[in-house]
Chemist: 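Have a look at this one.
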Number of protein chains: 2
Amino acid sequence: MISSPTHVAPKRTRGRPRKTEGERDDGNRRQALIAAAAQLFHRKGYDATSTREIAAQVGMQPGSPFYHFGNKQDLLLAVMVEGMRQAAVRQNAAIATLSAQKTDRDRLRVLIRNQFDVLLGPDSDFIPVMLYEWRSLSAEQRQTITQIKDDYEAVWIPVLQALHDSGQLQAPVGLARLMIFGALNWSVQWYQPPSPKTSAKKNQRATLDDLTEAALALFLRDPA
Amino acid sequence: MISSPTHVAPKRTRGRPRKTEGERDDGNRRQALIAAAAQLFHRKGYDATSTREIAAQVGMQPGSPFYHFGNKQDLLLAVMVEGMRQAAVRQNAAIATLSAQKTDRDRLRVLIRNQFDVLLGPDSDFIPVMLYEWRSLSAEQRQTITQIKDDYEAVWIPVLQALHDSGQLQAPVGLARLMIFGALNWSVQWYQPPSPKTSAKKNQRATLDDLTEAALALFLRDPA
DNA sequence: CCTACCGATCGGTAGG
DNA sequence: CCTACCGATCGGTAGG
């Protein structure tokens with residue numbers, strides 16, 4: 001076997017960060033761009049973030065993101081699609097763990113808790129970008145996201161309907177769903193996680209579990 | 001009395017729109033800039049709106065807004081301050097009309113209804129800009145808005161506390177307030193007013209009164 | 001993916 | 001408030 005140049009095992013300590021030669025590089029840089037974009041779009045907003053900043057964050061040159069994405073808008077769409085993919089995976093997993101004898105209230109608890117996790121937990125840059133940069137998408141791109149989001153939210157409908165039928169949820173299901181999502185999604189604007197250092201102190205901030213129980217207490221009545 | 005030049009009553013049909021000569025012009029152009037900025041910031045976002053567009057909308061030259069405002073950020077702040085001023089005026093007026101024998105539920109209804117009006121009613125560009133362009137303010141400007149907003153929201157606290165004490169509101173008052181505002185504020189993202197033409201038709205959209213009743217049904221239990 | 005580059009736009013200013 | 005202007009930045013591209 002003729003040794004190819006890639007066998008030389010070059011010790012590159014200079015230059016941009018690159019995958020070791022044997023590694024499959026397929027979507028790796030692309031994923032890095034999406035993650036960097038999500039973080040910057042979340043922190044500074046879409047319009048206020050330059051493609052140069054995103055490139056710099058992953059060690060690329062200013063023009064290089066356009067090798068992976070046709071334009072800046074496509075990168076924004078990729079962030080949102082990736083976020084919804086993760087959210088749906090988590091939501092499906094959370095639902096799957098529910099045993100049959102759980103109550104509808106338990107089901108809603110799981111959905112709400114997962115939503116807070118997606119909004120405020122680790123790796124939670126993607127969904128806030130989707131929620132707050134919707135306006136920057138093209139009409140066609142919005143359709144794409146709308147479809148994905150509708151699928152995600154559809155899981156909530158039967159749970160809310162069951163709660164409505166049993167009298168635990170009084171508002172019309174359609175408006176209730178919109179307002180509940182609003183109450184949860186808005187937490188991105190004000191929630192600050194409890195600092196681990198002062199965890200023993202008195203001025204503890206609310207945990208995601210606290211938020212979940214507060215939401216349930218706010219929306220649901222006791223079962224009849 | 002010597003006739004001053006302003007008495008000539010010049011018939012200007014050319015040139016930029018100007019106030020008739022006798023009129024006091026003090027903050028008039030400034031107010032026009034604020035209103036135009038509010039509309040454009042609401043529709044396109046702060047970063048995506050150029051000061052040139054704002055100037056054009058009120059018939060000014062590209063550099064002229066900077067005669068009224070030191071920079072673009074100051075104009076954004078002015079939009080928000082004006083919005084909060086209007087919202088506070090309306091809220092105070094709404095509260096003042098409440099007779100003493102009204103229930104706490106009635107009080108909350110009035111507050112929620114006013115909030116929907118401020119968010120979705122006529123001249124409702126200002127508050128959405130405040131809610132969704134917060135990030136674009138400087139740290140100092142945020143303090144200014146925070147104080148005004150705290151005053152506005154303070155009115156809600158005793159009402160929510162009373163409802164909590166009587167068992168109609170079960171969630172902790174602090175978190176309940178944040179989530180209720182979230183549910184209401186989020187309506188900016190999805191609400192579309194009923195079209196007047198098809199008002200007799202079947203596919204009616206919700207009115208602001210509908211939203212208010214749905215919100216009350218969602219948050220409150222029947223009094224004990 | 002880098003190099004080198006461009007046209008367009010933008011916030012803001014000097015001077016009247 | 002207009003005229004005239006500037007420096008900076010930005011999204012994006014050609015060619016390798």
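Each chain gets a letter, A, B and so on, in the order the sequences are listed, and its residues count up from 1.
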Chemist: Would you tell me if any nitrogen or oxygen in the side chain of A:R29 comes within less than 4.0 Å of OP1 or OP2 on C:dC1?
Modeler: yes

Chemist: Is the shortest side-chain N to carboxylate O distance from A:E133 to A:K44 below 4.0 Å?
Modeler: no

Chemist: Determine which nucleotide pairs with C:dG15, using a 3.5 Å limit on both distances of a Watson-Crick or G-U wobble pair.
Modeler: D:dC2

Chemist: Nearest heavy atom decides the nucleotide; on that basis, is A:Y67 or A:R52 closer to the 5' end of DNA chain C?
Modeler: A:Y67

Chemist: Going by heavy atoms in the side chains, are A:Q39 and A:H42 under 4.5 Å from each other?
Modeler: no

Chemist: Testing the 3.5 Å rule here: is there a donor-acceptor pair between the side chains of B:Q86 and B:E82?
Modeler: yes

Chemist: When you get a sec, tell me which of C:dG11, C:dC2, D:dC1 is the closest nucleotide to the side chain of B:T51?
Modeler: C:dG11

Chemist: Please state how far atom CE in B:M60 lies from atom P in D:dC2, giving the value in whole angstrom units.
Modeler: 7 Å

Chemist: Expressed in angstrom and rounded to an integer, what is the separation of A:Q61 atom CD from D:dT13 atom C1'?
Modeler: 15 Å

Chemist: How many Å lie between CZ on B:F66 and P on D:dC2, as a whole number?
Modeler: 13 Å

Chemist: To the nearest angstrom, how far is B:D47 atom CG from C:dT9 atom P?
Modeler: 18 Å

Chemist: Whole angstrom is fine here: how far is it from CG in B:L33 over to P in C:dG12?
Modeler: 14 Å

Chemist: Please determine if B:K72 forms a cation-pi arrangement with B:Y46, meaning its NZ or CZ atom is less than 6.0 Å from the six-membered ring centre and no more than 45° off the ring axis.
Modeler: yes

Chemist: To the nearest Å, give me how far apart NZ (B:K44) and P (C:dT9) are.
Modeler: 12 Å

Chemist: Look for any protein N or O under 3.5 Å of an N or O in nucleotides 14-16 of chain D and output each such pair with its distance, or none.
Modeler:
none

Chemist: Take the protein atom NZ of A:K72 and the nucleotide atom C1' of C:dT9, then report the distance between them rounded to whole Å.
Modeler: 13 Å

Chemist: Just to be sure I understand the rule, does A:S64 reach a base, reach only the sugar-phosphate, or reach nothing, if contact means heavy atoms closer than 4.0 Å?
Modeler: base

Chemist: Answer yes or no: are there more than 12 heavy-atom neighbours, outside B:Q73 itself, under 6.0 Å from its atom CD?
Modeler: yes

Chemist: Just checking, any donor-acceptor pair under 3.5 angstrom between side chains of A:Q115 and A:Y152?
Modeler: yes

Chemist: We want to know whether B:T212 and B:D209 form a side-chain donor-acceptor pair, criterion being a heavy-atom distance below 3.5 angstrom.
Modeler: no

Chemist: B:H68 NE2 to D:dC1 P: how many Å, rounded?
Modeler: 3 Å

Chemist: Give a yes/no on whether any side-chain N or O of A:S50 is located under 4.0 angstrom from OP1 or OP2 of D:dT9.
Modeler: no

